[in-house]
Amino acid sequence: MIALTIAGSDSGGGAGIQADLKTFQELGVFGTSAITALTAQNTLGVHDIMAAEPAFVAAQLHALFEDFEITAAKTGMLFSPAIIDVVAATMQQQHIPLVVDPVMIAKGGATLLAQQAVQTMKEVLLPVATVCTPNIPEAEVLAGMTITTASDVAQAAQRLMALGAKNIVMKGGHLSGVDAVDTVFLEDGSVFTMTTPRIDTKATHGTGCTFSAAITAGLANGQELKEAIIEAKRFIQAAIVHPLGIGHGHGPTNHFAYNRYDCEVFVDEA
Ligand SMILES: Nc1ncnc2c1ncn2[C@@H]1O[C@H](COP(=O)(O)OP(=O)(O)O)[C@@H](O)[C@H]1O
Ligand SMILES: Cc1ncc(COP(=O)(O)OP(=O)(O)O)c(N)n1
């Protein structure tokens, strides 16, 4: 099976294209990529960014879809309105599942999505998203509201679905509490939460990229969306529980952990 990531490069290897391709590999999927930007980045932060020309992003996508039977795709760092336009136009023509991870700001505070690109993301990318996986700050920006309670989470998800995203995973990494709880809203109206123990660690660089790549790998392998989302939560939990101890800042998660360790995900159908 073949999956595609459309995202930025993280020279430090913990997030972006590198995290996505490692996750695809671990989950038995052949990974292809269209790179939207280069970042000079490590576990301490983003030093510099060089965006790709939108036409070159289009050229990469054309080359991939011309040759490969890609069965699922994901987006990560898209940076500019023009790149989002190219990606949305391409994905509108491809009838495959698309996971949109609406990456906006890196852990160290660097901007990975230009301010003026938020509107473009809402107008052209969310309508082609099979599933959108915002963290809480991203959901606040896209939904235009503050999120503090479970009912805020539900209201924000409804707003994103109204913009066209078919299914939503509201990630709870940025919330507080002893557990890391993600809430999933499916297009059939069902809602469920996924709970794992919150791990006290600095090694959480690239958690969102890895999680969304794992969902994409599941979809590329033909899993149902719900099954792919729950397996992805298990994958990211294992990757956080067993850190690699690399770098001096927010270290990368451990993409090799999935097959060696067993992590339980508690699923609650609300
Ligand atoms: N400290 C943690 N312990 C356990 N799970 C976590 C932790 N931090 C994040 N997660 C999980 O990692 C995934 C990515 O979430 P999040 O960190 O919110 O995304 P992002 O990297 O986009 O900010 C979610 O499934 C979230 O619940
Ligand atoms: C190139 C690139 N893409 C995405 C991110 C952000 O990744 P994310 O999974 O949200 O992790 P953190 O930045 O929160 O660690 C990135 N840093 N670089």
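Numbers for residues simply follow the sequence, beginning at 1. Because the structure is predicted, anything quoted here is derived from the model rather than measured. First listed ligand is number 1; within each ligand, the first listed atom is number 1.
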Quiz item: Distance only, no hydrogens: is a donor on one side chain within 3.5 Å (strictly under) of an acceptor on the other, for Lys74 and Thr5?
Solution: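 No, because no side-chain N or O of Lys74 sits under 3.5 Å from a partner of the opposite role on Thr5.
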Quiz prompt | Identity and distance of the protein heavy atom lying nearest atom 14 (O) of ligand 2 | solution =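 For atom 14 (O) of ligand 2, the nearest protein heavy atom is Lys107 NZ, 2.8 Å.
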Quiz item: At what distance is the nearest protein heavy atom to atom 11 (O) of ligand 2, and which residue and atom is it?
Solution: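 For this ligand atom, the closest protein heavy atom is Gly206 N, 3.1 Å.
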Quiz prompt | Path from Leu64 to Phe56 over hydrophobic side-chain contacts below 4.5 Å | solution =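 Unlinked, Leu64 and Phe56 end up in two clusters.
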Any side-chain to backbone donor/acceptor pair from [X] onto [Y]? Under 3.5 Å, distance only.
{"X": "Asn254", "Y": "Ala239", "value": "no"}
{"X": "Thr36", "Y": "Met77", "value": "yes"}
{"X": "Ser212", "Y": "Cys209", "value": "yes"}
{"X": "Asn167", "Y": "Thr130", "value": "yes"}
{"X": "Asn221", "Y": "Gln223", "value": "no"}

Exercise. Name the option, out of Met77, Gln18, His174, Gln41, that contains the heavy atom nearest to atom 18 (N) of ligand 2.
Key: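 Going through Met77, Gln18, His174, Gln41 one by one, Gln41 has the nearest heavy atom to atom 18 (N) of ligand 2.
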Quiz item: Out of Asp10, Thr43, Leu112, whose heavy atom sits nearest atom 16 (C) of ligand 2?
Solution: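 The nearest heavy atom belongs to Leu112.
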Self-check item: Within the protein, residues bringing a heavy atom under 4.0 Å of ligand 1, chain by chain
Solution: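 Residues Asn135, Lys171, Gly173, His174, Ala180, Asp182, Pro197, Arg198, Ile199, Thr207, Gly208, Lys233, Ile236, Gln237, Ile240 each place a heavy atom under 4.0 Å from ligand 1, listed by chain and number.
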Exercise. Using a distance threshold of 4.0 Å (strictly less than), state whether atom 7 (O) of ligand 2 has a protein heavy-atom neighbour.
Key: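 Neighbour list for atom 7 (O) of ligand 2 includes protein heavy atoms (cut-off 4.0 Å).
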Side-chain donor/acceptor pairs under 3.5 Å, residues 190-198, sequence neighbours excluded:
{"from": "Ser190", "atom 1": "OG", "to": "Asp188", "atom 2": "OD1", "distance (Å)": "2.6"}
{"from": "Thr196", "atom 1": "OG1", "to": "Lys233", "atom 2": "NZ", "distance (Å)": "3.3"}
{"from": "Thr196", "atom 1": "OG1", "to": "Gln237", "atom 2": "OE1", "distance (Å)": "2.8"}
{"from": "Arg198", "atom 1": "NE", "to": "Gly177", "atom 2": "O", "distance (Å)": "2.8"}
{"from": "Arg198", "atom 1": "NH1", "to": "Gly173", "atom 2": "O", "distance (Å)": "3.0"}
{"from": "Arg198", "atom 1": "NH1", "to": "Leu175", "atom 2": "O", "distance (Å)": "3.4"}
{"from": "Arg198", "atom 1": "NH2", "to": "Gly172", "atom 2": "O", "distance (Å)": "3.2"}
{"from": "Arg198", "atom 1": "NH2", "to": "Leu175", "atom 2": "O", "distance (Å)": "2.8"}
{"from": "Arg198", "atom 1": "NH2", "to": "Asp179", "atom 2": "O", "distance (Å)": "3.3"}

Quiz item: Short list, please: which atoms of ligand 2 are under 4.0 Å from a heavy atom of Cys209?
Solution: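 This gives 4 (C), 7 (O), 8 (P), 9 (O) as the contact atoms.
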Which one holds for [X] and ligand 2: side chain close, backbone close, both close, or neither close, with close meaning a heavy atom under 4.0 Å?
{"X": "Ala15", "result": "side chain"}
{"X": "Ala19", "result": "neither"}
{"X": "His250", "result": "neither"}
{"X": "Thr207", "result": "backbone"}

Quiz item: Under 4.0 Å between a Lys/Arg side-chain N and an Asp/Glu carboxylate O for Glu231 and Lys226?
Solution: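 No, no charged N to carboxylate O under 4.0 Å.
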Practice problem: Would you mind reporting whether Val29 and Ile2 have side-chain heavy atoms less than 4.5 Å apart? | Solution: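 Of all side-chain heavy-atom pairs linking Val29 with Ile2, none is under 4.5 Å.
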Quiz item: Quick one: does Ser9 get an N or O within less than 3.5 Å of an N or O on ligand 2?
Solution: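 In fact, backbone or side chain, Ser9 has no N or O that close.
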